[in-house]
Number of protein chains: 2
Amino acid sequence: MSAPSLRARVRSEMSQEIKAVARRHLATDGANLSLRAVARDMDIVASALYRYFPSRDALLTALIIDAYDALAAAATEADAAVRRDDFRGRWMAVCTAVRTWALANPAEYGLIYGNPVPGYAAPPETVEPAAKVILLLAAIVVDAGNRLEPLTASPIVAPLRKDLRRLIDERQGDLLEERLDRILVAWTHLFGVLNFEVFGRLDDMIQARADYFTHHMTLMANLTGLPH
Amino acid sequence: MSAPSLRARVRSEMSQEIKAVARRHLATDGANLSLRAVARDMDIVASALYRYFPSRDALLTALIIDAYDALAAAATEADAAVRRDDFRGRWMAVCTAVRTWALANPAEYGLIYGNPVPGYAAPPETVEPAAKVILLLAAIVVDAGNRLEPLTASPIVAPLRKDLRRLIDERQGDLLEERLDRILVAWTHLFGVLNFEVFGRLDDMIQARADYFTHHMTLMANLTGLPH
DNA sequence: CCGAAGCAAGAACACTGTTCTCGCAGCGTT
DNA sequence: AACGCTGCGAGAACAGTGTTCTTGCTTCGG
């Protein structure tokens, strides 16, 4: 592997800096950041940005991909830091890592879990990191294996069961439909709470928001039958 | 009460039509609809809109308020159509009414439950209709009274308990903290599922989406102890 | 019937994303 | 060493945006 040419290196650094500046603008202007404004911040003329990103949407897409990757990385790292057989510890570690990242990067979180931008279709690079969190949760449950607690009965109707079966088979997983069902409930809830918290819907409702979050995700752990 | 002057009437009709056209544009352009475009659609020059709304943000605000009101109305109506002592029936009626409205008006739903717009602070007119759904759910639980099932134990930490107590007292409600806690869980979950569904995150994951939703909200009814 | 008020039109300003052209720098090759 | 190619930034230009202001016209109330 040869050393990258100087040109290539400064090009990559430039791309990174553009994204960094754009990320800063994201925090204040949300998804409608201005290309010309980030160009101004870099003492660059707006058209120069087009050497690096073919359009504003492309820049946004790059930011979205980075956000997915960063969130997935934070969650994965948190999981890896806990003893493998401490299932509840891993569960809470993943959940709070997602929350911490979301609160630290609310604009980027909003970019990936808020309103989808109008004309925009999620590029294929995002599907794998987007699935990462739920895969981590599922892995914890699978690892818990026969130590899982039995589930409170709640019948799953046939069509839904088929969807669940397909999802399990697609990944060649070893999981009961009922169990995956609860994982989906927990996953849904995780981002449900976070949307409310990050988007400010809990502001003058709940002060003990960390406790609130922990409590919710503990209930979800119970619901999926994670051992105590 | 005197009849409104002709001027006042056409003015109000004009405002309504502006909002109607804007709503149409909302569906395609999302939150960044163009004032000039809605003006064009009405064979009107853009500056004329300023006779009715002082700014684009004001128009968006009006749409947001309308959306809150419409959603609250749909939920209230659904609840009212069910026998008072059919608690689970009322619960599911409210939930599916919210879902039906959200799926029928995805753009407006995104406006009120998606990314908050950057510089924007929710006007006070929105807090009451915004709370409507959770109040309806709470009312169902309160009405169920002593027919509620006991809750699976899950300790609530002191600071969070204080928040719950305050919320109950603010409305002079008759509710245990534990019970309100579960209502909040269900409320969070309701909009968690809907965000995923409306924003397309379930698209190639779950086909039986109505079943999925019903199942989730049934689990939530169980979790809050609604009688069968 | 007349003055006041409400309204729509149009021009203007400061922005935006995007495209195109034009020079200038760095690179590899003959 | 000189050439040309390629990547880059600057600048002008275009279409479109939100917003403001001025200018007339219409409609209303006294």
Side-chain angles (χ1 to χ4, degrees), chain A residues 2-64 107 111 117-121, chain B residues 1-64 111 117-121:
Chain A
S2 67
S5 78
L6 182 105
R7 270 254 179 91
R9 241 185 31 236
V10 340
R11 181 174 220 292
S12 142
E13 281 170 21
M14 196 77 173
S15 287
Q16 290 304 120
E17 184 171 348
I18 293 173
K19 288 196 288 188
V21 175
R23 257 186 291 268
R24 286 206 326 257
H25 282 240
L26 210 59
T28 67
D29 302 340
N32 46 6
L33 54 77
S34 150
L35 269 196
R36 291 183 117 107
V38 329
R40 268 196 300 273
D41 263 26
M42 304 182 60
D43 286 310
I44 279 290
V45 85
S47 62
L49 294 182
Y50 283 76
R51 297 274 160 200
Y52 302 91
F53 298 94
S55 74
R56 204 193 76 117
D57 267 12
L59 174 55
L60 271 187
T61 299
L63 293 180
I64 289 176
L111 215 50
V117 294
Y120 176 85
Chain B
M1 163 174 179
S2 67
S5 78
L6 181 100
R7 269 255 180 92
R9 239 186 31 234
V10 337
R11 181 174 221 291
S12 141
E13 280 171 21
M14 195 75 173
S15 289
Q16 289 305 120
E17 183 172 348
I18 292 173
K19 287 195 287 186
V21 176
R23 256 187 291 269
R24 286 206 325 257
H25 282 237
L26 210 58
T28 67
D29 302 340
N32 45 7
L33 54 78
S34 148
L35 270 195
R36 292 183 117 109
V38 330
R40 267 195 300 273
D41 263 27
M42 304 182 60
D43 286 308
I44 278 291
V45 85
S47 63
L49 294 181
Y50 283 76
R51 295 276 155 198
Y52 301 91
F53 298 94
S55 73
R56 204 193 75 120
D57 267 12
L59 174 55
L60 270 187
T61 299
L63 292 180
I64 289 176
L111 216 49
V117 294
Y120 177 84

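- B:Asn32 has its CG atom 11 Å from the P atom of D:dT17, to the nearest Å.
- Between the side chain of B:Ser47 and the base of C:dG10, a donor-acceptor pair under 3.5 Å is found.
- Within the 4.0 angstrom heavy-atom criterion, only backbone atoms of the sugar-phosphate kind lie near B:Leu33; the bases stay farther away.
- Screening B:Leu26, B:Val21, B:Thr28 for a side chain to side chain contact (heavy atoms under 4.5 Å, CB included) involving B:Arg24 leaves a single residue, B:Val21.
- We find the CD1-CE distance between A:Ile44 and A:Met14 to be 4.0 Å, quoted to the nearest 0.5 Å.
- Contact of A:Arg11 with D:dG7 (side chain to base): no donor-acceptor pair of N or O atoms is detected under 3.5 Å.
- Distance, B:Arg40 CZ to C:dA8 P: 18 Å, rounded to whole Å.
- For the pair A:Ile44 CD1 and D:dC8 C1', the computed distance is 9 Å after rounding to whole Å.
- Between the C1' atom of D:dA13 and the OH atom of A:Tyr50 lies a distance of 14 Å, rounded to the nearest Å.
- Taking the side chain of B:Arg51 as heavy atoms from C-beta on, and the options C:dC7, C:dT18, C:dA9, the nearest nucleotide is C:dC7.
- Nucleic acid contact class of B:Arg56 (heavy atoms, under 4.0 Å, all strands): sugar-phosphate only.
- Among the nucleotides D:dT19, C:dA8, C:dT16, the one closest to the side chain of B:Ala48 is C:dA8.
- The separation between A:Leu35 atom CG and C:dT16 atom C1' is 9 Å, rounded to whole Å.
- Atom CG in B:Leu59 sits about 14 Å away from atom C1' in D:dT19, given to the nearest Å.
- Per the geometry, CZ belonging to A:Arg9 stands 11 Å off P belonging to C:dC27, to the nearest Å.
- Side-chain proximity of A:Arg36 to the nucleotides D:dT19, D:dT17, C:dT18 is greatest for C:dT18.
- Here the rule is side chain to side chain contact (heavy atoms under 4.5 Å, CB included) with B:His25, and of B:Asn32, B:Leu35, B:Val38 only B:Val38 fits it.
- OP1 or OP2 of C:dG17 has at least one side-chain nitrogen or oxygen of A:Ser34 nearer than 4.0 Å.
- In this structure, A:Tyr52 reaches the sugar-phosphate backbone alone: every heavy-atom distance under 4.0 Å involves primed, P, OP1 or OP2 atoms, never a base.
- In this structure, B:Leu33 CG and B:Arg56 CZ are separated by 5.5 Å, a value rounded to the nearest 0.5 Å.
- To the nearest 0.5 Å, atom NZ of residue B:Lys19 and atom CG of residue B:Leu59 are 9.0 Å apart.
- Computed from coordinates, the B:Leu49 CG to C:dA9 P distance equals 10 Å when rounded to whole Å.
- Within the nucleic acid shown, B:Met14 comes within 4.0 Å of sugar-phosphate atoms alone, with no base atom in reach, counting heavy atoms only.
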